[in-house]
Amino acid sequence: MIYAKKKWGQNFLVDQNLLEKICNTCSLSKNDVVLEIGPGQGALTEKIIQKTKNLTLVEIDPGLFSSLKENKLFNDIKILNQDILTTNPDELTSNGQLVVIGNIPYNITSPIIFWLIDHKVHWKNSYLMVQKEYADRLIAKPKTKSYSRITVMTNLHFNIKRCFNISPNVFHPRPKVNSSFIEIKQKEVPLNLDLKKYSQIARLAFNQRRKMLRNSLSTLLNEKNSQEFDFTKRPEDLSVEEFIFLSKIL
Ligand code: SAM
């Protein structure tokens with residue numbers, strides 16, 4: 001009997017139909033090289049190995065790691081007992097073609113998203129289970145309540161799609177929140193974009209989301225650049241393209 005540990009966000013998937021649906025949504029073929037984040041007891045892993053054997057599991061919990069190692073089904077699979085956030089995917093692939101899959105711990109969703117941004121050269125598609133409200137923010141459109149800094153940061157790098165929502169009933173233990181399964185694909189970032197400037201502008205603007213940009217970005221404005229854009233707008237009015245434009249002129 002395995003007791004779920006809250007500190008590692010352990011809510012295990014127990015619905016076979018849903019596990020099949022998740023695996024089919026990832027459209028894996030036998031040549032795909034998969035990295036599964038937080039395999040837990042291996043419920044999803046069992047479905048993935050029916051599609052491809054090129055699979056690495058990264059599980060932080062030593063107890064779950066041991067039971068995964070003892071599972072004969074996973075004999076040919078690389079299993080690492082470590083934190084995904086300190087894992088260097090360099091060691092897992094040579095051609096940047098990883099498919100990353102994970103029913104991840106929700107308390108580290110943002111660090112995992114930023115880990116994906118940092119390591120984007122190593123993977124082609126990612127599929128994650130996240131809290132529904134978090135997915136709402138990732139796919140939010142401008143001028144909506146969910147449109148936020150994480151929307152603007154992620155949509156610079158990625159095209160994100162909600163595949164489907166998931167009820168708490170398919171997990172054990174049952175979480176208090178609804179979930180969404182999302183697909184993340186890479187998109188081209190404009191050459192020569194100053195990424196540090198882009199994130200600085202997003203941070204300053206959304207730190208004071210009700211204020212006009214002429215206030216929240218005042219430290220970056222001067223007589224010349226303040227004429228080049230309508231700084232009476234608020235951050236939630238701006239598209240990613242407009243944030244890119246601001247990174248060029250400020
Ligand atoms: N994939 C399993 C399933 O669907 O039943 C388990 C999902 S559970 C929500 C999250 C899993 O991630 C747990 O097994 C947990 O121990 C593991 N985990 C938590 N933090 C982690 C980290 N930083 N790096 C790697 N695995 C982690």
Side-chain angles (χ1 to χ4, degrees), residues 1-26 28 32 34-52 55-71 73-74 77-93 98-119 122-123 125-135 163-184:
M1 174 85 181
I2 290 181
Y3 292 96
K5 298 185 192 75
K6 230 179 169 171
K7 70 168 174 176
W8 284 322
Q10 293 178 354
N11 298 91
F12 302 108
L13 280 169
V14 290
D15 181 315
Q16 291 300 317
N17 289 334
L18 179 73
L19 287 160
E20 291 277 352
K21 185 174 173 182
I22 288 175
C23 196
N24 289 337
T25 302
C26 301
L28 295 170
D32 278 324
V34 174
L35 164 63
E36 189 189 353
I37 303 174
Q41 302 173 73
L44 186 54
T45 321
E46 284 188 26
K47 305 291 177 200
I48 297 172
I49 55 170
Q50 292 170 22
K51 308 272 181 186
T52 174
L55 174 61
T56 300
L57 312 178
V58 177
E59 173 54 61
I60 201 169
D61 182 334
L64 290 174
F65 167 76
S66 301
S67 47
L68 290 165
K69 285 294 252 187
E70 282 162 20
N71 189 333
L73 283 176
F74 306 147
I77 292 175
K78 189 168 173 181
I79 310 177
L80 305 173
N81 181 207
Q82 60 195 51
D83 183 344
I84 187 62
L85 300 175
T86 54
T87 298
N88 185 351
D90 238 347
E91 298 152 20
L92 313 179
T93 173
L98 281 176
V99 178
V100 180
I101 302 178
N103 172 18
I104 59 171
Y106 294 169
N107 57 340
I108 55 166
T109 304
S110 284
I112 289 177
I113 296 279
F114 282 101
W115 181 90
L116 286 173
I117 293 176
D118 287 345
H119 297 292
H122 295 295
W123 56 273
N125 297 333
S126 289
Y127 296 90
L128 299 180
M129 183 89 80
V130 299
Q131 190 173 331
K132 180 178 172 296
E133 283 71 23
Y134 198 94
C163 304
F164 45 86
N165 290 326
I166 298 161
S167 120
N169 298 332
V170 295
F171 297 90
H172 180 80
R174 199 174 175 276
K176 291 194 178 74
V177 296
N178 287 306
S179 303
S180 296
F181 192 64
I182 59 166
E183 175 188 81
I184 307 177

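Bear in mind that the values here come from a model prediction, so they are computed numbers and not experimental data. Both backbone and side-chain heavy atoms feed into the values below; hydrogens, waters and symmetry mates do not. For reference, positions follow the sequence shown, starting with 1. Start at 1 and go down the list; that is how both ligands and their atoms are numbered.
Applying side chain to side chain contact (heavy atoms under 4.5 Å, CB included) to Ile22 and the options Leu13, Asp15, Ile48, Asn17 leaves one that passes, Leu13.
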Identify all pairs of nitrogen or oxygen atoms, one from ligand 1 and one from the protein, separated by less than 3.5 Å, and list them with distances.
from	atom 1	to	atom 2	distance (Å)
ligand 1	1 (N)	Gly38	O	2.8
ligand 1	1 (N)	Pro39	O	3.4
ligand 1	4 (O)	Asn103	ND2	2.8
ligand 1	5 (O)	Leu13	N	2.9
ligand 1	14 (O)	Gly40	N	3.4
ligand 1	14 (O)	Glu59	OE1	2.7
ligand 1	14 (O)	Glu59	OE2	3.4
ligand 1	16 (O)	Gln10	NE2	2.8
ligand 1	16 (O)	Glu59	OE2	2.6
ligand 1	23 (N)	Asp83	OD1	2.7
ligand 1	24 (N)	Ile84	N	2.9
ligand 1	26 (N)	Ile60	N	3.4

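For Lys132, the salt bridge (Lys or Arg N to Asp or Glu O under 4.0 Å) criterion is met by Asp136, not counting sequence neighbours.
What you find for Tyr127 and Thr25 is that their closest heavy atoms are CE2-O, 3.7 Å.
Taken from OH in Tyr106 to CG in Leu128, the straight-line distance is 10.0 Å, to the nearest 0.5 Å. A distance of 6.0 Å separates CD1 of Ile108 from CG of Asp83, quoted to the nearest 0.5 Å.
When ring centroids are compared, Trp123 and His119 stay outside the 6.0 Å threshold.
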